[in-house]
Amino acid sequence: MEIRRVCAVYWSATGNTEKTVTAAAGRAAAVLDVPCEIIDFTLPEAQRRQYGFAASDLVFFGMPTYAGKIPNKVLPVVQSCFSGAGTPTAAVVTFGNRSYDNALAELRRELTTRGFHVISGAAFVGEHAFIDALACGRPDKFDLSRAAEFGLKTAEKARENDPSAAVIPGDPDAAYYVPKGIDGQNTNFLKAKPFTDSERCIHCGLCARVCPMGAIDPENVLETPGLCIKCHACVRRCPQGAKQFNDPAFLSHKAMLEATFTAPAADECYF
Ligand SMILES: Cc1cc2nc3c(=O)[nH]c(=O)nc-3n(C[C@H](O)[C@H](O)[C@H](O)COP(=O)(O)O)c2cc1C
Ligand code: SF4
Ligand code: SF4
């Protein structure tokens, strides 16, 4: 099948998946000499549309790993907004240096169910959304170069008459990773929400605009009445450093991760 368009499709709260997927898709588009379209479905307004893809498209579809799978509150968006027509597709996940566990297998299964033909898969390391010390600064130039190489190989595979489905490890039905505290015991911070330092906040409203869940009240950013998925977009983007999480269970989990998963993890690609 002749590829006529490459699409970089991603959900990316803190930017790692965006950088990785656009690097891969950009190289694929250059190799195939076709346009590259960006579809960023991170924010709620982008999730009200339907996105259909043709067999002549090559899609790079990226999501982060949350608790060893793809974010459970974003999964319904993948299931309801996207459809392929035998569309050759690269499934891409990013992860914050612990493990991508079963996220890539789950993404492959969901895309396949929606009519995408997954011909390659990759798990790339990115700075942990809530721990600066884990994979600090990644994806770095080496990761992005590997992402571009992955894009090149995926483009070459898509050009084949009948590209085979990618062999991807993991179990899409596996349970979510259960967070542990610094004492090694299971912990739970599902109800945690960001705290706002009212002395620092200048009420610019950016945190409310970048929240993928639309959880922060734009009229009063000190309040987060909606569902928070701990993505840290508001924390990372606040120009005043006014947002933070101070839930003790969450901080204990952070401390455990920071103490345990410091060795740099590797990017992995599958064809
Ligand atoms: C709620 C939450 C759960 C996470 N769970 C994992 C995990 O299980 N394994 C891991 O290695 N990284 C985990 N991370 C880190 C993210 O996968 C990583 O930072 C990712 O690159 C973020 O993608 P983004 O910048 O595109 O939003 C988690 C991050 C968040 C916010
Ligand atoms: S981004 Fe920061 S400074 Fe701006 S409204 Fe939100 S908390 Fe306040
Ligand atoms: S309020 Fe929660 S869901 Fe919204 S940006 Fe902040 S961490 Fe993410």
Side-chain angles (χ1 to χ4, degrees), residues 10-20 40-47 63-74 77 94-98 125-140 176-262:
Y10 54 82
W11 187 96
S12 183
T14 57
N16 296 336
T17 313
E18 172 180 2
K19 285 184 209 149
T20 305
D40 175 355
F41 67 100
T42 312
L43 295 179
E45 54 265 32
Q47 299 168 5
M63 307 273 294
T65 302
Y66 281 14
K69 299 188 79 173
I70 58 177
N72 67 335
K73 300 298 177 194
V74 189
V77 179
T94 62
F95 66 106
N97 213 59
R98 185 188 67 76
V125 182
E127 183 168 314
H128 200 291
F130 52 80
I131 307 173
D132 295 351
L134 291 194
C136 185
R138 295 179 76 178
D140 57 20
Y176 291 93
Y177 164 78
V178 178
K180 296 194 185 330
I182 193 70
D183 59 1
Q185 301 301 306
N186 292 352
T187 188
N188 184 331
F189 44 81
L190 280 176
K191 295 208 170 123
K193 292 188 177 190
F195 163 79
T196 309
D197 183 341
S198 58
E199 307 254 300
R200 290 185 168 208
C201 176
I202 54 170
H203 300 277
C204 65
L206 184 61
C207 52
R209 291 195 294 279
V210 301
C211 174
M213 303 306 290
I216 300 171
D217 183 352
E219 306 298 324
N220 177 9
V221 294
L222 306 185
E223 296 294 327
T224 306
L227 180 75
C228 172
I229 58 172
K230 275 60 84 180
C231 73
H232 278 60
C234 60
V235 177
R236 294 276 186 201
R237 297 282 296 277
C238 173
Q240 295 295 107
K243 292 269 186 206
Q244 57 183 275
F245 279 76
N246 53 16
D247 178 275
F250 181 77
L251 295 180
S252 179
H253 177 56
K254 266 181 80 167
M256 184 283 290
L257 289 173
E258 197 165 349
T260 316
F261 297 100
T262 45

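All residue numbers in this chain count up from 1 along the given sequence. The figures that follow rest on heavy atoms only: side chains count, while hydrogens, waters and symmetry mates do not.
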Colleague: For a quick test of reading the model, state the closest non-hydrogen atom pair linking C201 to A242 and the distance between them.
Modeller: N-CB, 3.9 Å

Colleague: Applying salt bridge (Lys or Arg N to Asp or Glu O under 4.0 Å), which residue pairs with at least one partner in residues 227-241 are found, sequence neighbours left out?
Modeller: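 Counting only pairs at least two positions apart or across chains, the salt bridge (Lys or Arg N to Asp or Glu O under 4.0 Å) contacts touching residues 227-241 are E127-R236, D132-R236.
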
Colleague: Supply the atom-to-atom distance D247 CG to F195 CZ, rounded to the nearest 0.5 angstrom.
Modeller: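 These two atoms lie 13.0 Å from each other.
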
Colleague: At what distance, to the nearest 0.5 angstrom, does CE of M256 lie from CD1 of I182?
Modeller: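 Going from CE on M256 over to CD1 on I182, the span is 7.5 Å.
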
Colleague: With a 4.5 Å limit on heavy-atom distance, are the side chains of K254 and F189 in contact?
Modeller: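 Contact flag for K254/F189 side chains = no.
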
Colleague: Would you say V235 and F130 make side-chain contact, with heavy atoms under 4.5 Å?
Modeller: no

Colleague: Main chain of R200, side chain of Q240: is a donor-acceptor contact present, judged purely on distance under 3.5 Å?
Modeller: yes

Colleague: Nearest 0.5 Å, what's the CD1-OG1 distance between I70 and T65?
Modeller: 9.5 Å

Colleague: Any chance you could measure T94, atom OG1, to N16, atom CG, to the nearest 0.5 Å?
Modeller: 5.5 Å

Colleague: Would you confirm whether K193, through its side chain, and T224, through its main-chain N or O, come within 3.5 Å as a donor-acceptor pair?
Modeller: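 Indeed, once roles are kept as given, a pair shorter than 3.5 Å links the two residues.
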
Colleague: Could you check if a side-chain atom of R98 sits within less than 4.5 angstrom of a side-chain atom of Y177, using non-hydrogen atoms only?
Modeller: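 Yes - at least one pair of side-chain heavy atoms lies under 4.5 Å apart.
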
Colleague: Do the side chain of N186 and the main chain of V178 share a donor and acceptor less than 3.5 angstrom apart?
Modeller: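 No: the side chain of N186 does not pair with the backbone of V178.
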
Colleague: Can you see which heavy atom on P212 is nearest to which on W11, and at what distance?
Modeller: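 For P212 versus W11, the nearest heavy atoms are CB-CZ2, 3.7 Å.
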
Colleague: Decide yes or no for I216 and C211: does some side-chain heavy atom of the first lie under 4.5 Å from some side-chain heavy atom of the second?
Modeller: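 The answer is yes; the side chains approach within 4.5 Å.
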
Colleague: Rounded to the nearest 0.5 Å, what separates atom CD in E18 from atom OH in Y10?
Modeller: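 Going from the CD atom of E18 to the OH atom of Y10 covers 3.5 Å.
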
Colleague: Compare all side-chain heavy atoms of Y66 with those of K73 and state whether any distance is below 4.5 angstrom.
Modeller: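 In short, these two side chains do not touch, never coming nearer than 4.5 Å.
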
Colleague: Looking only at heavy atoms, which two atoms of E258 and A133 are closest? And how far apart?
Modeller: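 Between these two residues, the closest heavy atoms are OE2-CB, 3.8 Å.
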
Colleague: Would you say the side chain of V221 lies within less than 4.5 Å of the side chain of H203, judging by non-hydrogen atoms?
Modeller: yes

Colleague: Please confirm whether the backbone N or O of K180 pairs with a side-chain atom of H253, one donor and one acceptor, at under 3.5 Å?
Modeller: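 Checked: pair present.
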
Colleague: Could you report the tightest heavy-atom contact between A129 and T14, atom names first, then the distance?
Modeller: CB-OG1, 4.0 Å

Colleague: More than 12 non-hydrogen atoms from neighbouring residues, nucleotides or ligands closer than 6.0 Å to CD on E45, yes or no?
Modeller: yes

Colleague: Less than 3.5 Å apart, any donor N or O on the side chain of T42 or S12 sitting next to an acceptor on the other?
Modeller: no

Colleague: Taking all heavy atoms of T187 and all of A249, pick out the closest pair and write down the distance.
Modeller: OG1-CB, 3.3 Å

Colleague: Side chains of P71 and M63: closer than 4.5 Å at any heavy-atom pair?
Modeller: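 Yes, at least one pair of side-chain atoms sits under 4.5 Å.
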
Colleague: Kindly compute the distance separating NE2 (H232) from CD (Q244), expressed to the nearest 0.5 Å.
Modeller: 9.5 Å

Colleague: What's the shortest heavy-atom distance between V74 and F41, and which atoms?
Modeller: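 Smallest interatomic distance, heavy atoms only, reads CG1-CE1, 4.0 Å.
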
